[in-house]
S.K.: 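Structure below; questions to follow.
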Amino acid sequence: MTTTVGIPAGWPATEEQARAVQDELRERVVLDERGPEPGAGHVTGVDVAYDDARDVVAAAAVVLEAATLRVVAEATAVGRISFPYVPGLLAFREIPTVLAALGALGRPPGLIVCDGYGLAHPRRFGLASHLGVLTGLPTIGVAKNPFTFTYDDPRTPRGSASPLLAGSEEVGRALRTRDGVKPVYVSVGHRVALDNACAHALALTPAYRLPETTRRADALCRRALREATAAL
DNA sequence: GCGACAG
DNA sequence: ATCTTGTCGC
């Protein structure tokens, strides 16, 4: 089942308003919890696909059993595009539809894995942090690109990592999930420690560079977008 | 002012 | 993100 959502009342309309929201919500991020252990409970991947020309956005949430990485639930939602893509303001483009997909799950998501950043963000409040604060749930971000941050290339073996730096501040970690393959960029979202976030990223990558959560969510939201767009 | 910039 | 075929390699 795919639910349909509109743009929430009071949603920021300008970049200035969006940045103000980030500055306010940032105060509510919780960074002193270790978070659930890898392999325990459930892990949920969320992702979003767009058709800007037709003003359609589709989100997917896929729940995996953490111990086996088996899919136990999934849901999708479609809506209107709620914000343009602006580096640093990605959350305003993705969150309304993602929340709808999570709500359609009908069960607790456990740890949420986002396709993007948490603390590794110009104002230390990326998508994963934002989604964490809004849901109260533990979240982490696993991104495919280093954005503006710097890092030394991790050693070749899977599991190697090096600090992801904003100047001299460690805002995340470049983590090798496959031998000799480009690392992923892990950062804390809400209620999870960085070491534990990296442990989760490794537990979710038994076969591919990207976590099973984001691979499943990516495939599902693309399918939902195709189907939502086919009838137009 | 110019370029770079998660998805 | 998205537009897009074949191709090199394990």
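In what follows, every heavy atom counts, from backbone to side chain, and hydrogens, waters and symmetry copies are set aside. First the proteins, then the strands, lettered A, B, ... as listed; each starts at 1. Since this is a predicted model, take the numbers as computed values, not measurements.
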S.K.: Look only at the side chain of A:R178 and the backbone of A:A207, and say whether a donor-acceptor pair between them is shorter than 3.5 Å.
M.R.: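 Looks like yes, one N/O pair under 3.5 Å.
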S.K.: Could you spell out the base pairing of DNA chain B as a dot-bracket line? Use Watson-Crick and G-U wobble contacts where both distances are under 3.5 Å, [ ] for crossing pairs, | for partners on a different strand.
M.R.: .......
S.K.: Using a 4.0 Å cut-off on heavy atoms, which residues in residues 123-139 of chain A reach DNA chain B? List them by number, or say none.
M.R.: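 Going residue by residue through residues 123-139 of chain A, the ones with a heavy atom under 4.0 Å of DNA chain B turn out to be A:G126, A:L127.
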S.K.: Can you measure from CZ (A:R54) to CG (A:L225) and round to the nearest 0.5 angstrom?
M.R.: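 Going from CZ on A:R54 over to CG on A:L225, the span is 9.0 Å.
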S.K.: Are the side chain of A:R176 and the backbone of A:R155 linked by a donor-acceptor contact shorter than 3.5 Å?
M.R.: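 Confirmed, A:R176 side chain pairs with A:R155 backbone.
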S.K.: Between the side chain of A:T177 and the main-chain N/O of A:R209, is any donor-acceptor distance below 3.5 Å?
M.R.: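 Confirmed, A:T177 side chain pairs with A:R209 backbone.
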S.K.: Could you tell me the separation between the CG atom of A:D218 and the OG1 atom of A:T213, rounded to the nearest 0.5 Å?
M.R.: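 The OG1 atom of A:T213 is 11.0 Å from CG of A:D218, to the nearest 0.5 Å.
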S.K.: Does A:G141 reach a base, just sugar-phosphate, or nothing at all? Heavy atoms under 4.0 Å.
M.R.: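 Result for A:G141 = nothing.
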S.K.: With sequence neighbours left out, write down each residue that passes side-chain hydrogen bond (donor to acceptor under 3.5 Å, both in side chains) with A:E65, or none if nothing qualifies.
M.R.: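 In terms of side-chain hydrogen bond (donor to acceptor under 3.5 Å, both in side chains), with neighbours along the sequence ignored, A:E65 is linked to A:T68.
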S.K.: Hey, is the main chain of A:R80 close enough, under 3.5 Å, to the side chain of A:D55 for a donor-acceptor pair?
M.R.: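 Such a contact is absent between A:D55 side chain and A:R80 backbone.
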S.K.: Does anyone know the first and last nucleotide of DNA chain B in reach of chain A, 5' to 3', at under 4.0 angstrom to a heavy atom?
M.R.: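 Terminal contacting nucleotides, 5' to 3': B:dC5 to B:dG7.
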S.K.: Please tell me whether A:Y50 and A:F83 are part of a single hydrophobic cluster in this structure, the criterion being side-chain heavy atoms less than 4.5 Å apart.
M.R.: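 Yes, A:Y50 connects to A:F83 through the hydrophobic network.
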S.K.: So, taking the atom named CD in A:Q17 and the one named CG in A:L89, what distance separates them when rounded to the nearest 0.5 Å?
M.R.: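 Interatomic distance, A:Q17 CD to A:L89 CG, rounded to 0.5 Å: 11.5 Å.
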S.K.: Expected output is a numbered-order residue list: members of residues 45-61 of chain A with a heavy atom under 4.0 Å from any atom of DNA chain C. What is it?
M.R.: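 Residues of residues 45-61 of chain A that come under 4.0 Å of DNA chain C are, in numerical order, A:A49, A:Y50.
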S.K.: Please list all pairs passing the ring pair (Phe, Tyr, Trp, His ring centres under 6.0 Å) test where one or both residues lie in residues 95-143 of chain A, with sequence neighbours left out.
M.R.: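 Checked against ring pair (Phe, Tyr, Trp, His ring centres under 6.0 Å) - neighbours excluded - the pairs reaching residues 95-143 of chain A are A:F92-A:H130, A:Y117-A:F149, A:F125-A:H130.
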S.K.: For a side chain to side chain contact (heavy atoms under 4.5 Å, CB included) check, start with the C-alpha distance between A:L102 and A:V46, then their side-chain angles and the critical distance, and finish with the verdict.
M.R.: CA-CA 8 Å; A:L102 285 170; A:V46 294; 3.9 Å; yes
S.K.: Measure the CZ-CG distance between A:R34 and A:L194 for me, rounded to the nearest 0.5 Å.
M.R.: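 The distance works out to 10.5 Å.
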S.K.: Look at all strands and tell whether A:L164 reaches a base, only sugar-phosphate, or nothing, counting heavy atoms closer than 4.0 Å.
M.R.: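 A:L164: no heavy atom of the nucleic acid under 4.0 Å.
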S.K.: With A:T2, which residues qualify under side-chain contact (heavy atoms from CB on, under 4.5 Å), at least two apart?
M.R.: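 Checked A:T2 against side-chain contact (heavy atoms from CB on, under 4.5 Å); matches are A:T76, A:V78.
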S.K.: Would you check if the side chain of A:H190 reaches a backbone N or O of A:V29 as a donor-acceptor pair within less than 3.5 Å?
M.R.: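 Judged by distance alone, no pair lies under 3.5 Å.
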S.K.: Looking at residues at least two apart in the chain, or sitting in another chain, which of them share a ring-ring contact (aromatic ring centres under 6.0 Å, His included) with A:Y185?
M.R.: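 ring-ring contact (aromatic ring centres under 6.0 Å, His included) list for A:Y185, sorted by chain: A:Y151.
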S.K.: Determine yes or no for a side-chain-to-main-chain donor-acceptor pair under 3.5 angstrom, with A:T214 supplying the side chain and A:L210 the backbone.
M.R.: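 No, the answer is negative, given that no donor and acceptor are paired below the 3.5 Å cut-off.
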S.K.: What's the verdict on salt bridge (Lys or Arg N to Asp or Glu O under 4.0 Å) for A:E212 and A:R215, showing C-alpha distance, side-chain angles and the deciding distance?
M.R.: CA-CA 5 Å; A:E212 286 303 307; A:R215 299 184 71 250; 3.5 Å; yes
S.K.: List the protein contact pattern of nucleotides 3-10 of chain C with one symbol per nucleotide (5' to 3'): B for base contact, S for sugar-phosphate-only contact, - for none; contact means a heavy-atom distance under 4.0 Å.
M.R.: --------
S.K.: CG of A:L131 to SG of A:C114: how many Å apart, nearest 0.5 Å?
M.R.: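 Those atoms lie 5.0 Å apart.
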S.K.: May I ask you to decide if A:R158's main-chain N or O and A:D179's side chain share a donor-acceptor pair within less than 3.5 Å?
M.R.: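 Yes, the answer is positive, given that a donor and an acceptor are paired below the 3.5 Å cut-off.
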S.K.: Test of understanding: with side-chain hydrogen bond (donor to acceptor under 3.5 Å, both in side chains), list the residues that count as partners of A:R173, not counting sequence neighbours.
M.R.: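 Here the qualifying residues are A:E170, A:D195.
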S.K.: Please list residues of residues 173-182 of chain A whose heavy atoms come under 4.0 Å from any atom in DNA chain B, ordered by number; otherwise none.
M.R.: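 Result for residues 173-182 of chain A: none.
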S.K.: If you write DNA chain C from 5' to 3' in dot-bracket form, with Watson-Crick or G-U pairs under 3.5 Å, [ ] for crossing pairs and | for pairs with another strand, what do you get?
M.R.: ..........
